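A short worksheet on the structure shown next.
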Amino acid sequence: MKLVTIVCEAILEERVVELLREAGAHGHTAFPVHGSGGQGERHADISETANVQLQVIVKPAVAETVLARLQGELFQQYAMVAYESDVRVLRPDKF
Amino acid sequence: MKLVTIVCEAILEERVVELLREAGAHGHTAFPVHGSGGQGERHADISETANVQLQVIVKPAVAETVLARLQGELFQQYAMVAYESDVRVLRPDKF
Amino acid sequence: MKLVTIVCEAILEERVVELLREAGAHGHTAFPVHGSGGQGERHADISETANVQLQVIVKPAVAETVLARLQGELFQQYAMVAYESDVRVLRPDKF
Amino acid sequence: MEFIAAIQSNLLSPPVLFFVLGVFAAVSKSDLKFPEALYSTLTIYLLTAIGFKGGVAIQEAGIGAVWLPALAAMILGGLIPLWTYPALRKLGKLSMADSGAIAAHYGSVSAVTFIAATNFLKSINQPYESYATAFLAVMESPAIIVGVMLGKGALSGKFSFSDQSMRHALRDAVLGKGVLLLIGAMIIGTLCGKRGMDSVEGFFVTPFQGVLALFLLEMGMVAGRRLGDLRKVGVFLLIFGITAPIVHGSAGVLLGTWVGLSVGGATLLGVLAGSASYIAAPAAVRLSLPEANPTYSLTAALAITFPFNITAGIPLFFEMAKLLQS
Amino acid sequence: MEFIAAIQSNLLSPPVLFFVLGVFAAVSKSDLKFPEALYSTLTIYLLTAIGFKGGVAIQEAGIGAVWLPALAAMILGGLIPLWTYPALRKLGKLSMADSGAIAAHYGSVSAVTFIAATNFLKSINQPYESYATAFLAVMESPAIIVGVMLGKGALSGKFSFSDQSMRHALRDAVLGKGVLLLIGAMIIGTLCGKRGMDSVEGFFVTPFQGVLALFLLEMGMVAGRRLGDLRKVGVFLLIFGITAPIVHGSAGVLLGTWVGLSVGGATLLGVLAGSASYIAAPAAVRLSLPEANPTYSLTAALAITFPFNITAGIPLFFEMAKLLQS
Amino acid sequence: MEFIAAIQSNLLSPPVLFFVLGVFAAVSKSDLKFPEALYSTLTIYLLTAIGFKGGVAIQEAGIGAVWLPALAAMILGGLIPLWTYPALRKLGKLSMADSGAIAAHYGSVSAVTFIAATNFLKSINQPYESYATAFLAVMESPAIIVGVMLGKGALSGKFSFSDQSMRHALRDAVLGKGVLLLIGAMIIGTLCGKRGMDSVEGFFVTPFQGVLALFLLEMGMVAGRRLGDLRKVGVFLLIFGITAPIVHGSAGVLLGTWVGLSVGGATLLGVLAGSASYIAAPAAVRLSLPEANPTYSLTAALAITFPFNITAGIPLFFEMAKLLQS
Ligand SMILES: Nc1ncnc2c1ncn2[C@@H]1O[C@H](COP(=O)(O)O)[C@@H](O)[C@H]1O
Ligand SMILES: Nc1ncnc2c1ncn2[C@@H]1O[C@H](COP(=O)(O)O)[C@@H](O)[C@H]1O
Ligand SMILES: Nc1ncnc2c1ncn2[C@@H]1O[C@H](COP(=O)(O)O)[C@@H](O)[C@H]1O
Ligand code: NA
Ligand code: NA
Ligand code: NA
């Protein structure tokens with residue numbers, strides 16, 4: 001199973017969750033983070049500059065779809081990072 | 001070394017930490033998260049519906065015990081997800 | 001690409017971020033956590049005892065530098081844990 | 001006539017209207033969100049404030065005047081699950097765990113409903129025993145313990161006190177933050193008395209009503225998110241969520257009158273008996289009766305009984321108490 | 001002379017000085033940090049407080065007195081982007097998206113600047129229509145919608161209402177937390193009136209000025225962090241950030257006088273027109289005009305226009321209104 | 001006799017009792033938890049409130065009356081580590097780093113202890129120089145700098161100012177949020193004076209005592225969690241934690257009397273000298289003296305000296321000052 005992690009602007013959360021659902025994910029986990037990157041520092045004190053980290057466990061094919069859609073639809077325009085890793089889950093049929 | 005990640009209802013935190021300790025973990029890290037899954041959306045604004053994510057670095061054998069006990073004791077009854085991945089740590093004897 | 005994760009005392013955040021930048025990282029993500037370990041329980045309610053988790057995606061060589069410097073400069077004296085895992089990123093040239 | 005006016009004045013108060021705004025925000029999927037820290041802070045504030053005020057009132061009334069009605073209140077709380085549980089089992093065909101869980105919620109009490117009731121009494125200039133907070137404090141735990149025992153099979157002898165999850169429930173019912181803050185602040189208020197109150201009045205009294213309004217904005221959002229679950233809980237729980245407060249509230253008003261409370265005091269005991277917990281009970285019950293579906297108890301308590309009480313229940317129990325004591 | 005005195009009294013008020021302290025904290029890289037939860041809480045508090053107070057004022061004045069100037073204010077808000085946008089395109093050589101984004105921010109309004117203006121008027125004992133909050137509430141959304149349409153190419157016919165991100169913008173402009181809390185609390189205030197106000201005054205009025213000071217400490221830190229971006233936004237936006245409030249503010253004062261507002265009321269309409277949004281607009285614009293660089297609009301609104309208004313703009317619009325109505 | 005009464009009145013005040021409740025919550029392992037955001041918010045509030053009030057008092061007294069005692073207070077703060085450090089090294093056999101760390105904590109000051117002392121004086125109607133907050137502000141930093149220098153080997157010549165971690169300590173001691181908010185708000189209060197105070201009194205004064213009580217509930221929990229560490233710190237630190245405040249407090253009372261402060265003012269300087277920092281010092285010391293074990297300094301400051309001062313120390317220093325000036 002794949003764990004896809006996405007760090008992006010907090011205001012995008014709803015939109016990314018929608019994208020994940022459309023791509024075939026059956027759940028997700030999210031929490032507020034702060035950080036820095038190509039688009040400068042992002043402070044967590046006001047929601048306009050805060051980041052959110054989303055984590056989603058999906059089948060490899062779904063992971064491909066998610067990453068491809070993120071790249072196509074959001075990467076150019078928003079502060080965002082995404083990566084994928086391998087995990088072993090209990091009850092794999094759940095995801 | 002294994003990194004075991006557990007996402008579950010916030011009120012379970014104390015109980016899961018106890019389980020981890022009993023299984024042989026020497027430490028843990030936790031933080032509040034929100035999300036969605038088979039049991040519906042879980043909002044972080046009130047503690048009754050909030051989630052917590054626990055991360056624990058353990059030897060492979062301990063990871064097995066942890067996952068087995070979670071499956072046996074808590075998975076049926078609570079909103080919960082758990083997975084395992086490989087990590088390389090500094091000072092492996094610490095864990 | 002490598003994902004280096006560092007859990008340490010919250011007051012160290014600025015210093016670790018500086019170290020990451022010096023070692024060649026081009027960004028980072030951070031968030032407050034609590035936990036327990038060799039140095040006892042660390043509660044998140046007051047900043048003096050809170051922890052922070054930092055995550056940074058870097059090239060393998062940079063990961064080596066980061067872990068070596070953490071070990072040399074901070075591990076002896078502070079409550080701290082660090083580990084490394086493999087991730088696949090979009091746009092690898094960014095990191 | 002008067003009853004209608006009482007309801008109306010109750011409906012047009014800031015707390016109730018902010019609750020409605022919260023429901024609207026949730027239903028319209030606005031991006032309004034309260035940070036978790038704000039919710040806990042408001043909870044901590046409300047509980048310490050009413051505890052402290054109650055304690056000062058107890059000191060002024062003297063413990064001698066308080067103990068009997070408080071004991072009666074406590075017993076009532078512990079008894080409610082004893083009839084609620086079989087009703088849920090038999091009429092609602094609910095599982096043992098679900099019946100115990102719901103019984104625990106309805107025997108326990110809602111602090112916010114209690115405050116709304118004191119506001120209502122103040123707004124119509126109806127005096128009441130201001131030490132009534134003591135009833136609130138002692139009614140939180142007993143029903144949780146009884147309800148959990150029932151849900152774990154006490155009636156069929158399956159249940160044992162040494163059970164680990166029972167220990168969790170007991171600790172949560174007695175040392176949970178709700179009870180700890182209420183009783184702790186009440187003891188502090190009793191020890192400090194009027195003089196202590198003078199020093200902290202600007203924090204625990206002056207802004208209290210406004211803080212309550214803000215809290216109800218959040219409760220409205222939480223309730224609004226549960227509206228969708230109304231369909232899931234079924235018609236039986238819908239009826240239960242309105243019948244239970246009426247039955248329990250009447251019992252409370254009767255008992256209050258019987259132990260010598262004034263019209264205002266009997267109203268408050270009715271409101272407490274008729275209210276259902278959604279702060280103390282959920283956590284304790286979830287930990288000790290995990291097989292119970294929290295959607296049932298929370299939706300019934302928060303999306304049915306709470307709005308019912310805050311709009312119709314409070315004036316209803318007041319009219320009952322007036323009738324009974326006239 | 002008097003003008004200087006007015007500026008001075010404005011500068012030495014706690015909110016302005018706490019703003020300066022916040023800028024200093026950011027620039028000196030102090031470890032002072034507000035938790036996110038505090039910022040949202042302060043925002044929620046300020047918006048509900050001014051909304052509620054405004055609603056009570058509307059109830060007292062009667063809707064008949066309010067609707068005309070409110071409508072005028074709303075139209076003004078929607079019109080501002082129509083001249084701001086071409087100015088940014090032609091004079092500033094900015095992209096379509098950036099021009100639309102900035103136009104949206106400057107047509108929309110800043111609640112904090114509005115409050116600072118009412119404080120200023122109170123401090124010099126200048127009466128004003130206290131239902132002016134209604135203008136604030138209705139001016140938040142129109143400019144955001146118009147600005148986003150322009151930024152998406154409305155002028156070149158590229159734009160369509162069924163566009164998904166346009167739907168997001170519309171929802172955010174109308175149901176975003178800023179508008180929802182302001183309008184919601186205003187309706188509640190109108191329904192509750194004076195009697196409701198009495199009960200929540202200790203929360204929504206008594207501590208209000210101090211909460212505002214704390215909020216401005218945080219705004220100062222946010223603005224201070226943007227000071228470094230001043231270089232990036234270029235000289236044009238610097239000039240724009242000061243010219244725009246003067247032009248829009250004058251228009252507001254004129255319009256206010258024309259629809260019959262007092263000197264105080266016309267000042268407030270001027271301040272609203274001259275202010276730029278940094279609570280409602282940024283989120284809506286970011287979601288619907290992602291190609292726009294948020295550094296431009298936020299830095300201009302927060303690090304240039306906001307400090308300008310709060311120090312010089314407010315007294316300036318007041319002097320204009322006085323002159324016009326003398 | 002009177003001394004006993006003074007202690008008693010001090011013990012039965014809401015802040016002290018809420019501290020006890022917090023200790024109980026921690027020891028009984030209740031699930032009561034303050035969100036981090038609440039703790040920072042309370043800290044920010046208390047520091048700006050006392051800073052602002054102090055500033056207004058300075059403006060009223062005139063800088064001429066304040067500078068001499070303030071300078072004396074500052075020097076005292078810087079001197080305390082000079083005798084505390086060798087005592088800890090020689091008598092306690094503690095390491096260089098630990099001795100320097102503890103010396104820094106005890107030379108610096110505790111804002112909450114200071115507030116408790118002003119409450120005590122008010123409760124017994126004892127007047128005091130209300131600009132004494134200035135002493136609090138100037139006593140935060142010097143001891144931290146001196147203590148860190150000693151801990152880094154200043155006495156054995158090992159220490160250098162260009163050391164990176166020394167730079168961190170200096171910045172934290174001078175620009176850390178504690179000092180920044182206190183001094184910043186004090187300057188703002190001085191600039192605004194009485195008129196500024198009128199506008200923000202409902203926030204910075206009215207609810208202050210209650211907010212303090214809430215803060216002490218949290219401090220009680222933090223201290224309660226450290227009770228288990230009392231065994232680890234050993235008997236020497238236990239004795240030190242009670243002797244140090246008595247010795248430093250006496251020195252403060254003497255110095256205060258000598259520079260012409262009233263009984264109340266001398267009491268406050270005694271309390272400041274006798275108190276140990278647990279807000280400003282811990283972070284600065286942890287970053288610059290990492291070899292020091294924070295359990296020692298925090299447990300001594302928070303679980304021994306703070307409760308001692310708040311119960312016995314304050315009335316003790318008051319009796320001393322009275323005796324000395326009678
Ligand atoms: N190398 C990195 N490691 C971890 N997180 C990163 C990295 N680069 C960027 N981020 C996160 O992704 C967000 C957006 O990145 P960017 O689009 O590069 O500004 C940042 O604010 C960070 O939270
Ligand atoms: N596919 C998933 N990826 C990431 N997190 C998940 C996933 N499914 C569930 N979760 C998390 O686990 C919690 C409990 O899941 P569930 O028991 O399926 O309701 C959810 O509230 C999420 O926070
Ligand atoms: N085995 C572990 N798994 C996950 N996190 C850990 C573990 N051990 C320690 N930590 C985290 O690292 C922090 C410092 O650890 P320590 O230096 O061992 O006290 C703890 O407070 C935890 O947040
Ligand atoms: Na009940
Ligand atoms: Na405007
Ligand atoms: Na001291």
Side-chain angles (χ1 to χ4, degrees), chain D residues 5 8-42 45-46 49 115-116 118-125 201-218 220-221 224, chain E residues 34-49 51-53 55-56 59 167-168 171-208 210-211 279-280 283-284 286-287:
Chain D
Q8 220 167 40
S9 122
N10 201 30
L11 285 180
L12 287 186
S13 69
V16 173
L17 292 171
F18 272 103
F19 182 83
V20 175
L21 180 60
V23 172
F24 175 78
V27 169
S28 67
K29 300 212 177 297
S30 156
D31 68 343
L32 178 62
K33 240 186 298 183
F34 271 40
E36 201 278 326
L38 176 53
Y39 178 78
S40 339
T41 300
L42 293 174
Y45 172 83
L46 292 174
I115 303 171
T118 61
N119 284 348
F120 171 74
L121 294 177
K122 267 182 246 157
S123 81
I124 58 167
N125 293 315
E201 195 160 19
F203 180 66
F204 282 134
V205 178
T206 314
F208 187 84
Q209 294 301 329
V211 177
L212 179 67
L214 207 62
F215 185 75
L216 280 172
L217 177 56
E218 164 72 10
M221 286 192 277
Chain E
F34 271 40
E36 201 278 327
L38 176 53
Y39 178 78
S40 337
T41 300
L42 293 174
T43 310
I44 291 170
Y45 172 83
L46 292 174
L47 292 171
T48 45
F52 188 81
K53 276 184 281 188
V56 174
Q59 205 231 31
R167 285 207 320 275
H168 275 287
R171 210 192 64 185
D172 252 55
V174 175
L175 285 177
K177 60 173 175 257
V179 181
L180 184 112
L181 285 176
L182 254 185
I183 305 229
M186 208 163 73
I187 293 175
I188 293 176
T190 313
L191 292 173
C192 291
K194 182 85 188 53
R195 201 172 129 184
M197 178 50 107
D198 286 344
S199 72
V200 295
E201 195 160 19
F203 180 65
F204 283 134
V205 178
T206 314
F208 186 83
V211 177
I279 292 186
R286 185 84 188 105
L287 279 173

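Here the structure is a predicted model, which is why all the values come from computation and not from measurement. Below, chains carry the letters A, B, ... as their sequence lines are ordered, and counting in each starts from 1. Because only heavy atoms are used, hydrogens play no part in the values below, and waters and symmetry mates are left out as well, while side chains stay in.
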Grab the two heavy atoms, one from D/A25 and one from E/L180, that are nearest each other, plus how far apart they are. CB-CD2, 3.6 Å

Heavy-atom distance under 4.5 Å to chain E: side chain of D/F208, backbone, both or neither? neither

Go through the steps to decide whether D/V20 and E/I188 satisfy the test side chain to side chain contact (heavy atoms under 4.5 Å, CB included), and finish with yes or no. CA-CA 10 Å; D/V20 175; E/I188 293 176; over 6 Å; no

Between D/S13 and E/C192, the two heavy atoms sitting closest are C-SG, 4.0 Å

Out of curiosity, E/E201 CD to D/Q209 CD, how far, rounded to the nearest 0.5 Å? 13.0 Å

Between E/A49 and chain D, with a heavy-atom cut-off of 4.5 Å, which part of the residue counts as in contact: side chain, backbone, both or neither? neither

Can you confirm whether E/V200 sits close enough to D/L212 that some side-chain heavy atom of one is under 4.5 Å from a side-chain heavy atom of the other? no

Heavy-atom cut-off 4.5 Å, strictly under: side chain, backbone, both or neither for D/L12 against chain E? both

Quick check: closest heavy atoms across D/P14 and E/F52, and the distance to 0.1 Å? CG-CZ, 4.2 Å

Side chain, backbone, both or neither: which part of E/Y45 has an atom under 4.5 Å from a heavy atom of chain D? neither

Checking D/K122 against chain E: side chain, backbone, both or neither under 4.5 Å from a heavy atom? neither

Interchain contact, E/T48 with chain D, by part (heavy-atom threshold 4.5 Å): side chain

Under 4.5 Å from a heavy atom of chain D, the part of E/L191 involved: both

Strictly distance-based, threshold 3.5 Å: is any side-chain N or O of D/S30 a donor or acceptor partner for the main-chain N or O of E/L175? yes

With a 4.5 Å heavy-atom cut-off, do D/P207 and E/T206 have their side chains touching? no

Under 4.5 Å between any side-chain heavy atoms of E/I44 and D/L38, yes or no? yes

Could you tell me whether the side chain of D/F34 reaches within less than 4.5 Å of the side chain of E/T41, counting heavy atoms only? no

